[in-house]
Amino acid sequence: MTKKKIIIATGAFILLLLGGYKYREHQETKKQEQQKIEQKFWSNQKIQIEKFIRYNFNDIESIAFTETFKTPMGVGIHGYVNGDEKKMYFSASIYNEQDTFEKGLSIASKLDKLSKEPYHVFSVTEIEELED
């Protein structure tokens, strides 16, 4: 009788271990899928921001992205242009993770001086329409 209890307890213990292993494996897979989705999101945003900057500003040689961030008010990306991290920085805002960048860009005053048309900034959608 006690041998039977030991066998049942051992079987239950093994089932619990296997269940825990499978659960952890599932969580890890879910985490990796979420990271892939986020990487794709940020990659697409960087393409949109680069298109916006190159179209609306003169003399842009390079664009570098330094940080992505999430806040309760939205998401965004920090970066700079032409290798000048101190005086040519920008911060692009996206209101939620379902949207794409259109034209919410905060910029340093030195970068503002490179603006092609200071009174009208073309959104990414307008740029794409003009390019077609």
Side-chain angles (χ1 to χ4, degrees):
M1 191 73 130
T2 58
K3 231 181 189 180
K4 208 176 199 183
K5 288 181 182 178
I6 292 173
I7 291 172
I8 290 172
T10 303
F13 181 72
I14 290 171
L15 286 174
L16 281 172
L17 283 176
L18 287 174
Y21 175 76
K22 283 294 187 186
Y23 176 76
R24 191 172 192 172
E25 192 176 80
H26 172 71
Q27 291 298 97
E28 190 62 36
T29 303
K30 236 168 98 171
K31 184 179 176 183
Q32 288 173 353
E33 288 173 3
Q34 183 63 30
Q35 286 175 340
K36 285 180 185 178
I37 290 168
E38 285 185 19
Q39 284 176 338
K40 185 176 180 183
F41 171 79
W42 290 118
S43 177
N44 289 338
Q45 300 313 311
K46 289 175 182 177
I47 291 168
Q48 296 285 89
I49 293 165
E50 189 165 344
K51 182 183 291 189
F52 175 84
I53 290 173
R54 290 196 183 278
Y55 194 86
N56 286 296
F57 296 89
N58 292 315
D59 303 323
I60 301 299
E61 297 166 12
S62 65
I63 300 172
F65 298 99
T66 57
E67 177 187 10
T68 60
F69 61 91
K70 293 181 185 181
T71 67
M73 305 237 345
V75 297
I77 299 176
H78 293 303
Y80 58 92
V81 299
N82 297 346
D84 191 347
E85 194 171 353
K86 302 283 185 207
K87 296 179 182 174
M88 302 277 274
Y89 60 87
F90 64 86
S91 179
S93 301
I94 305 148
Y95 296 106
N96 63 51
E97 292 182 59
Q98 287 72 42
D99 289 340
T100 58
F101 175 79
E102 273 297 312
K103 66 178 188 177
L105 194 69
S106 300
I107 57 175
S109 61
K110 189 173 179 183
L111 180 56
D112 190 36
K113 292 176 184 173
L114 298 179
S115 181
K116 287 181 181 176
E117 294 186 38
Y119 301 109
H120 180 72
V121 176
F122 289 92
S123 69
V124 175
T125 303
E126 291 173 323
I127 295 167
E128 289 172 347
E129 288 173 359
L130 291 171
E131 289 177 343
D132 287 338

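In what follows, every heavy atom counts, from backbone to side chain, and hydrogens, waters and symmetry copies are set aside. This is a predicted model, so every value here is computed, not measured.
For Y89, the OH atom is loosely surrounded, since the number of other residues' heavy atoms within 6.0 Å does not exceed 12. Within 6.0 Å of NZ on K87 lie no more than 12 heavy atoms contributed by other residues, nucleotides or ligands. Annotation for Y23: atom OH does not count as buried by contact number, only 12 or fewer foreign heavy atoms lying within 6.0 Å.
In terms of heavy atoms, T100 sits closest to Q48 at OG1-NE2, 4.0 Å. Between K116 and F57, the shortest heavy-atom contact is CE-O, 3.5 Å. For S62 against G83, the heavy-atom pair with the smallest separation is OG-N, 3.7 Å. Taking every heavy atom of both residues into account, I77 and T68 meet most closely at CG1-CG2, 4.0 Å.
Within the 4.5 Å cutoff, side-chain heavy atoms of H120 are placed close to those of E126. The side-chain heavy atoms of V124 and K103, taken from C-beta on, include no pair separated by under 4.5 Å. Looking only at side-chain heavy atoms (C-beta outward), M73 and Y95 stay at 4.5 Å or farther from each other. Using a 4.5 Å heavy-atom cutoff, the side chains of F69 and S91 are in contact. Counting only heavy atoms from C-beta outward, the side chains of D84 and Y80 never approach each other to under 4.5 Å. Between Q27 and K31 there is no side-chain heavy-atom pair separated by less than 4.5 Å.
How far CZ of R54 is from CD1 of I49: 13.0 Å, rounded to the nearest 0.5 Å. Note that the CG atom of N56 and the CD1 atom of I53 stand 9.0 Å from one another [nearest 0.5 Å]. K36 NZ to K40 NZ: the interatomic distance, rounded to the nearest 0.5 Å, is 11.5 Å.
Look at K51 and E128 and you find a salt bridge, because one of the NZ, NE, NH1 or NH2 atoms lies within 4.0 Å of a carboxylate O, short of that distance. In summary, E28 and R24 do not engage in a salt bridge, as defined by a charged side-chain N under 4.0 Å from a carboxylate O.
Donor-acceptor pairing under 3.5 Å is lacking for the side chains of T66 and E85. Between the side chains of Y21 and E25, at least one donor N or O sits under 3.5 Å from an acceptor N or O.
Under the 6.0 Å cut-off for aromatic ring centres, F90 and H78 do not qualify, their centroids lying 6.0 Å or more apart. Within the 6.0 Å centre-distance limit, the rings of F101 and F52 are counted as a close aromatic pair.
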